[in-house]
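The analysis underlying the following values was restricted to heavy atoms, covering all of them including side chains, and did not include hydrogens, waters or symmetry mates.
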Amino acid sequence: MRIAFYAPMKPPDSPVPSGDREVARNLMRALALAGHEVLLASRFVSRDGAGDAGRQARIAETGAKLADRLVRRFRAASSGNGPGDRPDLWFTYHLYHKAPDHLGPRVANALRIPYVVAEASHAPKQAGGRWDRGYCAAENALRGAHAVIGLSSLDAACVTPLLRTPARYRALRPFTDTGLFADAASKRDAHRAAFARRFGWPEDATLLLAVGMMRPGDKLASYRALADVLSRTPPTADWRLCMVGDGPARNDVAAAFAAFPADRIGFAGAAAPDALPAFYAGADILAWPAINEAYGMALLEAQATGLPVVAGRAGGVADIVRDTETGLLSPEGDVAAFASSLARLLVDGAMREEMRAASLRTIASAHGLDAAAAALDAALHAAREAAETERRAA
């Protein structure tokens, strides 16, 4: 099938590092691997982070105009008077009340093609609130979807009741291109030595890694929680921390770690996706409190490189981190429990090696592109059948 792909929150082809964009790109890769032709339908961003009703109205109006323009373009293509890119199916990634889809439902209805959503969330408490217009648009899109693909198990409870039948909700394990990370894992010794040299750290120290954008809100809260955690580690623990990421809260993150000796903390700045595997492979533990995290792309990528994870049990984190097998999880926001888990893994090198091997096995078998491609292909064919059934009944 020819698929029109759209991400209303963040365009997937932007060079700005983002776990959300990497998930979108992985979905596009998996769809292509399944034999589908994927075209990026639009880079229109519908997100309103402030809850501004006027801005939401303007976004909706612009979205409707862009959707109508796409319909004209695709109809011209089907009549032979335009580029040959009329889609067989519309696929929207990451839809919720702050970033609704004003394009897909309108285009899909006009062209009479299936409408599919991946990673959608629905929060009834937002009804009538500051994002009510976006909330209603997202809800209506889900009600008309022929398939909703869930990447986090926590989304299903609120999303499934909106669908015409529960069968339209299809779970998909979070996934990544494991080959890049497995290759880095095979060169761990070299990456670890380079890691230590970069910051002038002793190679026998335990190297900790945190990966996340430095922006106000949940990310900054996670960095601050991590600083609190590290202040509770045993005085004899010989660790060093590298933080990969950058953003508007960079100074706030630095302030959170200012009390630690300078030779224990390293800031690597933002890293391109192809540079991340070397960081994961060179570290000993990925430590991330995961405050209000959907599931955390960095947590998945770390394990794909064999890196044990210590994380907060937030959102869908437990969907990808197997507690006591590939990492250690603690209740979200429980700094004392997180510090205890980290201290345990800091001193137990044998446990880290067991988790390293388990991570490589688990992610490769259950969270790779091949498995995702097969699951996505099945979901698209089910969506097409549902759309055809609707057309026959109309």
Task: ring-ring contact (aromatic ring centres under 6.0 Å, His included) partners of H122, counting only residues at least two apart - done: Y135
Task: Heavy atoms of other groups near R43 CZ, more than 12 under 6.0 Å - done: no
- [ ] Considering non-hydrogen atoms only, spot the tightest contact between C242 and A268 and give its length.
- [x] SG-CB, 3.9 Å
Open item on the list: Looking at R192, I'd like to know if its CZ atom is crowded, meaning that more than 12 non-hydrogen atoms belonging to other residues, nucleotides or ligands lie closer than 6.0 Å.
Closed with: yes
Task: NZ/NE/NH1/NH2 to OD/OE distance under 4.0 Å, R58 and E61 - done: no
- [ ] Compute whether any side-chain donor of one residue and acceptor of the other, for H191 and R188, lie under 3.5 angstrom apart.
- [x] no
Task: I363 CD1 to I320 CD1 distance, which is reported to the nearest 0.5 Å - done: 7.0 Å
- [ ] Fit a plane to each ring of F5 and Y93, take the angle between them on a 0 to 90° scale, and name the class: parallel (under 30°), tilted (30 to 60°) or perpendicular (over 60°).
- [x] parallel
Task: Side chain to side chain, L209 and V244, heavy atoms closer than 4.5 Å - done: yes
Task: Parallel, tilted or perpendicular, as decided by the 30° and 60° cut-offs, for the rings of F199 and F195 - done: tilted
Task: Charged N-O contact under 4.0 Å between R29 and D177 - done: no
Open item on the list: Before you tell me yes or no, could you show the steps for K187 and D183 under salt bridge (Lys or Arg N to Asp or Glu O under 4.0 Å), namely the whole-Å CA-CA distance, both residues' side-chain angles and the distance that decides it to 0.1 Å?
Closed with: CA-CA 7 Å; K187 301 166 185 170; D183 181 66; 3.2 Å; yes
Open item on the list: Please determine whether residues F257 and I291 belong to a single hydrophobic cluster, defined as Ile, Leu, Val, Met, Phe, Trp and Tyr linked transitively by side-chain heavy-atom distances below 4.5 Å.
Closed with: no
Task: Y223 side chain to D252 side chain, donor-acceptor N/O pair below 3.5 angstrom - done: no
Task: No-hydrogen, no-angle side-chain donor-acceptor test under 3.5 Å, T92 and D101 - done: yes
TODO: May I ask you to check whether D155 and S121 show a side-chain donor-acceptor distance below 3.5 Å?
DONE: no
Open item on the list: Does any part of the side chain of Y115, heavy atoms only, come nearer than 4.5 Å to the side chain of N109, both counted from C-beta?
Closed with: no
Open item on the list: Between D228 and R232, does any NZ, NE, NH1 or NH2 come within less than 4.0 Å of an OD or OE carboxylate oxygen?
Closed with: yes
- [ ] Could you tell me whether D88 and R86 make a salt bridge, using a distance below 4.0 angstrom between a side-chain N and a carboxylate O?
- [x] no
Open item on the list: Please tell me whether E390 and H146 have a donor and an acceptor in their side chains that are separated by less than 3.5 angstrom.
Closed with: yes
Task: Heavy-atom check, side chain of P87 versus side chain of I3, under 4.5 Å - done: no
Kindly list each side-chain donor-acceptor pair under 3.5 angstrom involving residues 321-335, sequence neighbours excluded, with atom names and distances?
unit_1 : atom_1 : unit_2 : atom_2 : d
D323   : OD1    : L329   : N      : 2.9
D323   : OD2    : R313   : NH2    : 3.1
T326   : OG1    : Q303   : OE1    : 2.6
T326   : OG1    : R322   : N      : 3.0
E332   : OE2    : N292   : N      : 2.5
D334   : OD1    : A336   : N      : 3.4
D334   : OD1    : A337   : N      : 3.0

Open item on the list: Can you tell me which residue among D284, L286, L346, T233 is in a side chain to side chain contact (heavy atoms under 4.5 Å, CB included) with L208?
Closed with: L346
Open item on the list: Check the orientation of W131 and H97. Use parallel for under 30°, tilted for 30 to 60°, and perpendicular for over 60°.
Closed with: perpendicular
TODO: Please determine if R250 forms a cation-pi arrangement with F267, meaning its NZ or CZ atom is less than 6.0 Å from the six-membered ring centre and no more than 45° off the ring axis.
DONE: yes
Open item on the list: Can you confirm if the aromatic rings of F74 and W90 lie within a centre distance of less than 6.0 Å?
Closed with: no
- [ ] Over all heavy atoms of both residues, which pair between I265 and W201 is shortest? Give the atoms and the distance, please.
- [x] C-CZ2, 3.9 Å
Without placing hydrogens or testing angles, list every side-chain donor-acceptor pair under 3.5 Å for residues 45-54, not counting sequence neighbours.
unit_1 : atom_1 : unit_2 : atom_2 : d
S46    : OG     : P100   : O      : 2.6
R47    : NE     : Y96    : OH     : 3.4
D48    : OD1    : A50    : N      : 3.3
D48    : OD2    : G51    : N      : 3.1
D48    : OD2    : D52    : N      : 2.9
D48    : OD2    : Q56    : NE2    : 2.9
D52    : OD1    : G54    : N      : 2.9
D52    : OD1    : R55    : N      : 3.1

Task: Euclidean distance, L241 CG relative to L207 CG, rounded to 0.5 Å - done: 10.0 Å
TODO: Mind checking the CZ-CZ spacing from R73 to R69? Nearest 0.5 Å is all I need.
DONE: 10.5 Å
